[in-house]
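Beneath this line is the structure, given in structure tokens, with notes to follow.
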Number of protein chains: 2
Amino acid sequence: MHRDNWDDLRFVLAVAEHGSLAAAARALGVNHATVLRRIAAFEQSHGLTLFERSPAGYRIPPERLKVIEAAREVAAAVDAVSRTLRGAGAAPAGRVRVTSTDSLCVAVLPEILAEISSEMPELRLDLVAANERLDLARLSAEIAVRPAMSLPDDLSGEIGAELGFAVYAQRVQGERCRQWLGLGGTLARTPLADWLAGQAEPERIAGGADSFVVLAGMAAAGLGRAVLPCPLGESDARLVRLAAPQPELRVPIWVACHAELADVPRLATLRRRILRGLARRAAYLACGVRA
Amino acid sequence: MHRDNWDDLRFVLAVAEHGSLAAAARALGVNHATVLRRIAAFEQSHGLTLFERSPAGYRIPPERLKVIEAAREVAAAVDAVSRTLRGAGAAPAGRVRVTSTDSLCVAVLPEILAEISSEMPELRLDLVAANERLDLARLSAEIAVRPAMSLPDDLSGEIGAELGFAVYAQRVQGERCRQWLGLGGTLARTPLADWLAGQAEPERIAGGADSFVVLAGMAAAGLGRAVLPCPLGESDARLVRLAAPQPELRVPIWVACHAELADVPRLATLRRRILRGLARRAAYLACGVRA
DNA sequence: CCTTCCCTGTGAAATCATGCACAGGGACAA
DNA sequence: TTGTCCCTGTGCATGATTTCACAGGGAAGG
């Protein structure tokens, strides 16, 4: 069944975009019979019919559009490989990119980087916010600051502090607001989401988002109460905390870089300083209490 | 040169992950000679050597790691196709996902959605923040709110307001801060980035980020001055605007959905309400002035 | 009505990729 | 040193893919 050939997707996409076997074949520079057979192979190996055949050409029914969108993602990713391959240049000296979740990029890291920047003014510090595919995209940065229970094998790093979570809501509505905000996207597959499922009945969920920063904005606008990382909830004056942080939800914050890059002196210095910055804010990160 | 076979990436990835032709071949269930030739074909078609050959196996030099990471992205995207193909289910009723840039997801849309939610309490409104690949990932949401000069063909929508940009910096440092913050990632390929390049000499750039929300946080922490969407800059009390919004940088904000979904009544209603919400805040969006 | 054009679909020949078997070489242990 | 093991790399037979050429059918236009 799974003959699993990524190249078939290229043909699927071409047919979807050109509307017919023949047009796709012209665009791809191959014979139309080839396209016919590759599409047939793809459909058979996945056990479904993707296209509507008609004498006028191949059409994708609307309910199959998502597959095409997903295939477009693949195309974009392949393009990215090409671009990476082309501009295989090393990162410019004097410039370090730090990646983290958007919460930390907004709530804590700017402060820490500002301290570091004043001590090392020659350095250019870029922040790369990436919630999803963190483990995959990690090479778009030299240093990663990641809340996680453990670190992937090829990363080398240390724990700087722990991140705590609590429930927040709009200050003026406060306790009266009985609606909840749910976790979407990649956040939906975290222990936090399980915990939340135990707190809020599904019919009480008025909305959701795939990012804590957005959730904080929604909670502040009065859409409902949300579980947020403490430093994020505390940093927004429009929000009020409804309960103490849940100790069972604490997550270590790792400061890491690729094992291969662990010895670069500049990166090692920066890692140490970020670690120190996190450690100095440990209480704030875990409980939202400013030292 | 461009023989362009996506399937070769599968072999590249397998060799990178297993460390040798032979191990990759075992994992893929093919002969090692096949792997050898596919790798060779890939390298030749891209005109470079990706792996370091040694008697002990194939190794990727650290500077080539990015290519592998990009290939992993492709793998993830292919997985997504499979998952989409498997669970070809429709979105649950009574739940609408709205996607936009992180700036608007944080600064304006929560307010608008809160108004809508109070009028249509049975609806669950999810916000999906997506800066990059917006045009590709658009099917992860039903409605898109997008600042852009024009709309892709397969989207149908209207302009709700215009988004203005201005330079902001930390209130306490204010004008004294002579450092700038640059635009990274996808933001680096926008007209805004060109404009910024005309304002700030490269050596004055102390940092950067791929998201305006993160840039706002960095500017507020005193890392430098940043160009920000007006509603985002105005919503942060720690920031002060250094100059009037640049009229030439204004961008229309589209409220759109897939052409195929344009007629769904529930979505049409929601689109209208979002449009109204944007129009009512036109001055705030364009100049940062609260009506 | 017929003609033309563009589409899908199919069978046979040619091309290309794959698997197999084997050569060569480094690493490691006896 | 010798033997073993695992690795890369290469010729050749085989089998799968692709191309080519052609059949059939709907749509548009005279």
Side-chain angles (χ1 to χ4, degrees), chain A residues 1-62 64 67-68 71 74 78 81 154, chain B residues 1-62 64-65 67-68 71 74-75 78:
Chain A
M1 148 142 193
H2 250 316
R3 216 218 30 199
D4 199 42
N5 181 349
W6 291 4
D7 208 39
D8 284 347
L9 278 173
R10 218 175 83 235
F11 289 79
V12 168
L13 197 53
V15 171
E17 283 180 342
H18 292 92
S20 78
L21 292 187
R26 276 193 297 274
L28 293 169
V30 298
N31 193 281
H32 77 271
T34 304
V35 182
L36 171 79
R37 291 187 185 115
R38 301 278 293 244
I39 298 295
F42 180 87
E43 292 190 335
Q44 194 177 4
S45 85
H46 288 87
L48 49 78
T49 59
L50 190 54
F51 293 93
E52 275 176 18
R53 271 87 169 155
S54 84
Y58 273 41
R59 236 181 54 82
I60 23 166
R64 287 277 138 84
V67 179
I68 302 306
V74 177
V78 171
V81 172
D154 47 351
Chain B
M1 151 146 188
H2 248 316
R3 215 218 33 201
D4 200 44
N5 181 347
W6 291 4
D7 209 38
D8 286 347
L9 277 174
R10 220 175 80 235
F11 289 78
V12 168
L13 198 52
V15 171
E17 282 179 343
H18 292 93
S20 78
L21 293 187
R26 276 192 297 274
L28 293 169
V30 298
N31 192 282
H32 78 273
T34 304
V35 182
L36 169 79
R37 289 188 275 254
R38 302 280 293 244
I39 298 296
F42 180 85
E43 292 190 335
Q44 194 175 6
S45 84
H46 287 86
L48 49 77
T49 58
L50 190 54
F51 293 93
E52 275 175 16
R53 272 88 169 155
S54 83
Y58 273 41
R59 236 181 53 83
I60 25 166
R64 289 276 139 83
L65 266 176
V67 180
I68 303 307
V74 177
V78 171

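The model shown is predicted, which means the values in this text are computed figures rather than measured ones.
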(request) Identify whether any heavy atom of B/A33 sits under 4.0 Å from a base atom; if not, whether one sits that close to sugar-phosphate; answer base, sugar-phosphate or nothing. (result) base
(message) From CZ of A/R38 over to C1' of C/dG9, roughly how many Å is that when rounded to an integer?
(response) 18 Å
(request) Look at B/R37 and D/dG9 and indicate whether a side-chain polar atom (N or O) is within less than 4.0 Å of OP1 or OP2. (result) no
(request) Please determine if a side-chain N or O atom of A/R53 lies less than 4.0 Å away from the OP1 or OP2 oxygen of C/dC7. (result) no
(request) Please report, rounded to the nearest Å, how far the C1' atom of C/dG9 is from the CZ atom of A/F51. (result) 16 Å
(message) Tell me whether the side-chain N/O atoms of B/T34 come closer than 4.0 Å to OP1 or OP2 in C/dA17.
(response) no
(message) Here's a test of your reading of the structure: between B/G19 and A/V30, which maps to the more 5' nucleotide of DNA chain D?
(response) B/G19
(request) Whole angstrom is fine here: how far is it from CD1 in B/I39 over to C1' in D/dT10? (result) 17 Å
(request) Could you tell me whether the phosphate oxygens of C/dC7, OP1 or OP2, come under 4.0 Å of any side-chain nitrogen or oxygen in A/R26? (result) yes
(request) Measure from NE2 on B/H32 to C1' on C/dA21 and round the result to the nearest Å. (result) 10 Å
(message) Could you check whether any side-chain heavy atom of A/Y58 comes within less than 4.5 Å of a side-chain heavy atom of A/L36, counting everything from C-beta outward?
(response) yes
(request) Without swapping roles, check the side chain of B/R64 against the backbone of B/R59 for a donor-acceptor pair under 3.5 Å. (result) no
(request) Would you kindly give the CG-to-P distance between B/L36 and D/dG9, to the nearest whole Å? (result) 6 Å
(request) Would you mind telling me which residue lines up with the more 5' stretch of DNA chain C, A/G57 or B/F11, judged by nearest nucleotide? (result) A/G57
(request) Side-chain contact test, heavy atoms from C-beta onward, threshold under 4.5 Å: evaluate it for A/F42 versus A/V15 and give yes or no. (result) no
(request) Starting at CD1 of A/I39, measure out to OG1 of A/T34 and round the result to the nearest 0.5 Å. (result) 11.0 Å
(message) Between A/P55 and A/N31, which residue's closest nucleotide on DNA chain D lies nearer the 5′ terminus?
(response) A/N31
(request) Give the C-alpha distance, both sets of side-chain angles, the deciding distance and a yes or no for salt bridge (Lys or Arg N to Asp or Glu O under 4.0 Å) between B/E43 and B/R53. (result) CA-CA 13 Å; B/E43 292 190 335; B/R53 272 88 169 155; 2.9 Å; yes
(request) May I ask you to evaluate whether B/Y58 reaches the phosphate of D/dC6, defined as a side-chain N or O under 4.0 Å from OP1 or OP2? (result) no
(request) Provide, to the nearest angstrom, the distance between the CZ atom belonging to B/R10 and the C1' atom belonging to C/dA17. (result) 14 Å
(request) Let me know the distance between CG of B/L21 and P of D/dT10, rounded to the nearest Å. (result) 12 Å
(message) Expressed as a whole number of angstroms, how long is the span from B/H18:NE2 to D/dT8:P?
(response) 13 Å
